[in-house]
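See structure below.
The figures that follow rest on heavy atoms only: side chains count, while hydrogens, waters and symmetry mates do not. Order of appearance sets the numbers: ligands from 1, and atoms from 1 within every ligand. The structure displayed is predicted, hence computed values, not measured ones.
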Amino acid sequence: MRKDVRLYAKFEGLNPTGSFKDRGMTVAVTKAVEAGARAIICASTGNTSASAAAYAARAGIACFVLIPEGKIALGKLSQATMHGSTVIQIRGNFDDGMRLVQEVSRRLPLNVVNSINPYRLQGQKTVAFEVIEALGEAPDYHALPVGNAGNITAHWIGYSESAGADTLALKRPAEMPAYRTHKIVDRRPIMLGYQASGAAPIVRGRPVENPETVATAIRIGNPVSWQQAIAAGRESGGWFAECSDEEILRVQKLLAQTEGIFCEPASAAGLAGVLKDLELGRIGEGSTIVCTLTGHGLKDPDTAIAQGAKPLTVDAELRAIEGVIRDYLK
Ligand SMILES: *Cc1c(COP(=O)(O)O)cnc(C)c1O
């Protein structure tokens with residue numbers, strides 16, 4: 001079904017380590033160094049560890065990352081190890097790692113750089129500023145995948161500051177100024193948060209004990225920014241909904257094959273949700289919609305290869321090549 005909407009993708013895969021996490025990590029690590037920290041720690045589904053490892057390397061401080069064994073995409077693991085962080089795989093999930101990071105940071109001199117660190121959200125809010133700069137106004141809707149729920153909170157903070165509006169989602173560190181002291185836009189978008197069906201605690205209204213999804217970046221059962229995300233949803237008039245793994249993968253491929261944008265599975269959840277809500281008529285005709293595509297598809301080559309067409313193997317002869325092409329063009 002064809003719908004008359006303006007649909008934009010904000011591709012975060014072009015950040016230094018290939019995900020939006022860099023926006024917040026550069027601020028969090030800078031503030032950690034300023035405070036004299038010698039080591040940072042995070043729990044991660046992959047991208048936080050890649051980003052923390054890179055910024056810690058640049059800052060010359062130690063980095064410890066806790067990841068769920070066997071459940072992070074290969075590209076992300078290669079980044080964390082290549083940048084020289086100490087990677088600790090746990091026999092547990094992200095939520096276990098998050099709890100352990102908070103506990104160990106009370107006992108040892110470690111600076112936590114998960115999104116409970118308010119500087120992370122302060123960096124990540126800049127995505128809203130860029131969208132407003134590009135469009136000249138806020139979109140009608142802004143959709144994104146939701147895992148630990150820091151990013152939807154950060155988007156809402158950015159939009160709220162740009163509109164000179166208050167929000168309960170905001171826990172700004174006292175010394176950090178707002179982007180502008182005056183209103184630069186008249187309104188904020190409706191925020192749409194999409195979770196994977198097997199890891200949809202906010203949609204269901206209760207924690208998920210054993211979250212499971214192909215979109216490993218949002219495989220989280222008990223998000224730390226749950227309450228702020230609810231505030232963003234409520235204040236904006238938005239909602240949370242879920243997408244199945246099949247829907248996520250179908251949209252990841254659709255985007256790659258029609259727009260030439262290769263995002264990772266989790267990133268496609270936002271767009272998959274929007275397409276579904278357009279079908280259902282929950283998003284109106286004529287709307288301007290922005291989807292944040294949170295990370296680069298190269299982070300998860302295994303999932304991409306498992307879905308893609310297999311390469312053809314032929315003899316190194318002109319006739320063989322020509323045959324393949326003629327078949328295709330028939
Ligand atoms: C971290 C991450 C998310 C989820 O963001 P939250 O702030 O945890 O909700 C989504 N997609 C990708 C690619 C991520 O790395």
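Follow the hydrophobic side-chain contacts under 4.5 Å out from Ile202 and you never reach Ile218; the two are in separate clusters. In this structure, Tyr141 is a member of the same hydrophobic cluster as Phe11, with clusters built from ILVMFWY side-chain heavy atoms closer than 4.5 Å. Transitive grouping of hydrophobic side chains (ILVMFWY, heavy atoms separated by less than 4.5 Å) keeps Leu77 and Leu66 in distinct clusters.
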Could you go through ligand 1 and list every pair where one of its N or O atoms sits under 3.5 Å from a protein N or O, giving the atom names and the distance to one decimal?
residue, atom, partner, partner atom, Å
ligand 1, 7 (O), Gly150, N, 3.2
ligand 1, 7 (O), Asn151, N, 2.8
ligand 1, 8 (O), Asn148, N, 2.7
ligand 1, 9 (O), Gly147, N, 2.8
ligand 1, 9 (O), Asn148, N, 3.3
ligand 1, 9 (O), Ala149, N, 2.8
ligand 1, 11 (N), Thr294, OG1, 2.7
ligand 1, 15 (O), Lys21, NZ, 2.6
ligand 1, 15 (O), Asn47, ND2, 2.7

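In this structure, Val314 and Val324 approach most closely via the heavy-atom pair CG1-CG2, 4.1 Å.
Annotation: the span from Thr288 atom OG1 to Glu137 atom CD amounts to 6.5 Å, rounded to 0.5 Å.
Applying the salt bridge (charged side-chain N to carboxylate O under 4.0 Å, His left out) test to Asp327 and every residue at least two apart in sequence or in another chain returns Lys330.
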